[in-house]
Amino acid sequence: MSNVRVRFAPSPTGELHIGGARTALFNLLYARATGGVFVLRIDDTDLERSRPEFTTGLLESLRWLGLDWDEGPYKQSEYLEGYRQEAERLIAEGKAYYCYCSEEELKAGREEARRRKKPYLYPEKCRDLTADRLKRFQQEGRKPVIRLKIPRDGETVVTDKIRGKVRFDNCNLDDFIIMKSNGLPTYNFANVIDDERMKITHVIRAEEHLSNTPRQQLCALALGYSLPYYAHVPMILAPDRSKLSKRHGATSVEQFRQEGYLPEALINYMTLLGWAPEGDREFFTMAEAAAQFRLDRVNKTAAVYDTAKLTWMNGHYLREGALDRIVALAIPFFEAEGLVNPPLNSEQMGYLEQVVELVRQREKNLLDLTRASSYFYNNHFDYDPKGVKKHFRREGAGQILRALAAKMKTLSDPEPSTFSNAYKEIAKELQLSIGKLMPLSRLALSGRTMGPELFDMMAVLGPEKVSARFLQAVAYIDAGS
RNA sequence: GGCCCCUUCGUCUAAUCGGUUAGGACACCAGCCUUUCAAGCUGGCAGCAGGGGUUCAAAUCCCCUAGGGGUCACCA
């Protein structure tokens with residue numbers, strides 16, 4: 001049993017996006033690899049942007065992906081008193097101080113610095129306020145923030161499991177705010193306290209936090225905590241190498257789910273973003289990845305996410321997955337398209353299974369699979385115009401279809417071979433090759449020029465429907481010409 | 001702008017301590033299979049950002065340049 005404890009700490013300000021999900025995944029992988037504990041924590045100290053429904057969505061996305069946490073979810077909003085007490089302790093110990101500078105004042109200073117192209121650092125005006133001044137400010141009713149006293153020299157070294165030692169000169173850091181004037185902690189402060197009280201041993205998070213790490217270490221140092229290990233995983237970038245945002249198409253787990261991606265495909269794909277197992281294997285389960293996951297094999301380079309590979313992977317899982325499971329996942333999509341109306345009886349279920357088995361061979365996601373299945377449920381559909389031109393408008397097309405319809409009526413056994421044999425016979429009778437009959441038949445049966453194996457399709461539809469659709473096509477042809 | 005991180009095919013990546021024809025996968029192209037579309041199989045195209053060092057030998061170590069990213073909030 002190891003004492004490894006890791007955490008995923010999203011803020012509930014939006015849907016779980018692909019970057020956050022990958023961070024959560026790496027945390028979980030590491031926990032499973034080491035026999036450690038995976039903690040979920042909701043960083044909700046931003047009152048303006050945090051919303052409870054985002055928390056719900058976050059949990060749902062995590063669960064859907066199978067990123068099950070061992071502890072939590074804890075919420076920062078439930079520990080507000082703790083942060084306040086720690087901040088006051090720092091003040092009592094002379095390691096932090098009240099700052100009464102107004103926002104306008106600070107803003108002016110920042111703009112001034114920008115104008116002069118100098119880096120802005122808080123000028124420490126309130127660092128050594130006399131007792132008199134302090135009292136006066138208090139009497140004026142001004143609400144102070146609390147700032148941490150940063151050493152004016154020396155350096156802070158971050159030891160990162162992925163990047164090695166990263167050095168920061170303290171002179172580039174200023175006395176940053178740890179408690180806002182509304183009494184809530186800032187991220188850098190709350191995080192350190194949370195990680196301590198949750199006994200987090202490894203902080204695994206996105207690289208964007210690397211620059212903030214010295215601030216957190218300084219907090220920990222002031223508070224007298226010991227430091228966790230850090231591991232900053234590379235970012236996931238949009239195809240244009242910019243930071244991922246909504247304008248880059250599907251970036252949230254929820255969007256991928258709605259488009260019919262399977263959780264195991266998303267997991268497998270994300271695992272490969274920044275990490276690779278030994279050998280050339282591309283497909284593996286989360287458990288298999290966890291068995292050999294190591295932080296020092298995580299890449300340093302940001303990864304551009306490319307949905308083409310995810311789509312390919314999804315197609316693989318769609319085809320290879322256990323049929324009953326794929327069907328279960330597909331039902332909501334079929335319902336949304338108005339093809340089925342759950343609950344399904346065993347006959348309907350059997351039919352759906354046949355349809356899915358057939359169609360999943362050639363589609364990449366559940367949404368496409370559903371749309372490519374519509375003609376198994378709808379008797380009326382449009383015929384593909386190109387197909388009409390090529391197959392229906394040819395001399396004798398109606399005749400052939402009429403003959404086929406008649407032949408179908410004589411069949412009773414809905415096996416692919418039954419249809420195959422019938423086609424052999426009728427081809428002989430009409431003195432045509434089977435290859436000539438098939439595209440025409442396909443168009444009549446589905447309105448499309450492509451799709452599953454024709455005889456398989458017919459077997460699912462059954463002779464009666466097949467016959468009716470042939471006649472329907474005949475009517476269409478007669479009406480058109 | 002200051003500080004920090006990063007740089008292998010278009011994309012994801014492999015190449016344990018320097019010695020490989022720089023490997024695999026997606027995508028793309030071609031062929032096979034085939035009633036179609038997929039899938040599958042076979043083959044092909046394609047990369048060590050640039051420049052200096054160190055070394056018998058550098059994708060690998062060091063330096064510089066360029067490029068990309070991150071961060072500098074009373075956001076997380």
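Labels below follow one simple rule: chain letters A, B, ... track the order of the sequence lines, proteins then strands, and each chain is numbered from 1. Worth saying up front: this structure is predicted, and the values here are computed from it rather than measured.
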Asker: Mark yes or no: A/R147 above the aromatic ring of A/Y122, with NZ or CZ under 6.0 Å from the six-membered ring centre and no more than 45 degrees from the axis.
Answerer: yes
Asker: Of the listed nucleotides (B/U7, B/U13, B/U71), which one gets closest to any side-chain atom of A/A303?
Answerer: B/U13
Asker: With a 4.0 Å limit, can you tell me whether A/K118 has a side-chain N or O closer than that to the phosphate oxygens OP1/OP2 of B/C3?
Answerer: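 Result: no.
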Asker: Counting side-chain heavy atoms from CB outward, which of B/G2, B/U36, B/C5 is closest to A/L210?
Answerer: B/C5
Asker: Taking the C1' atom of each, how far is B/G51 from B/C45, in whole Å?
Answerer: 29 Å
Asker: Among the nucleotides B/A76, B/U35, B/C5, which one has an atom lying closest to any side-chain atom of A/L454?
Answerer: B/U35
Asker: Can you tell me how far P in B/G31 sits from the matching atom in B/C37, rounded to whole Å?
Answerer: 13 Å
Asker: Does the ring center of A/F455 lie less than 6.0 Å from the ring center of A/F419?
Answerer: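 Ring centroids of A/F455 and A/F419 are no less than 6.0 Å from each other.
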Asker: Side chain of A/W312: nearest nucleotide among B/U11, B/A25, B/U13?
Answerer: B/A25
Asker: I want to check one thing: is the phosphate of B/A39, taken as OP1 and OP2, less than 4.0 Å away from some side-chain N or O of A/K364?
Answerer: yes
Asker: Look at A/K107 together with A/E104 and state whether they make a salt bridge at an N to O cut-off of under 4.0 Å.
Answerer: no
Asker: Counting the benzene-type ring for Trp, do A/Y383 and A/Y476 have ring centres under 6.0 Å apart?
Answerer: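 Yes - the distance between ring centres of A/Y383 and A/Y476 falls below the 6.0 Å cut-off.
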Asker: Please pick, from B/A39, B/A76, B/C12, the nucleotide with the shortest atom-to-atom distance to any side-chain atom of A/N212.
Answerer: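 Nucleotide nearest to A/N212's side chain: B/A76.
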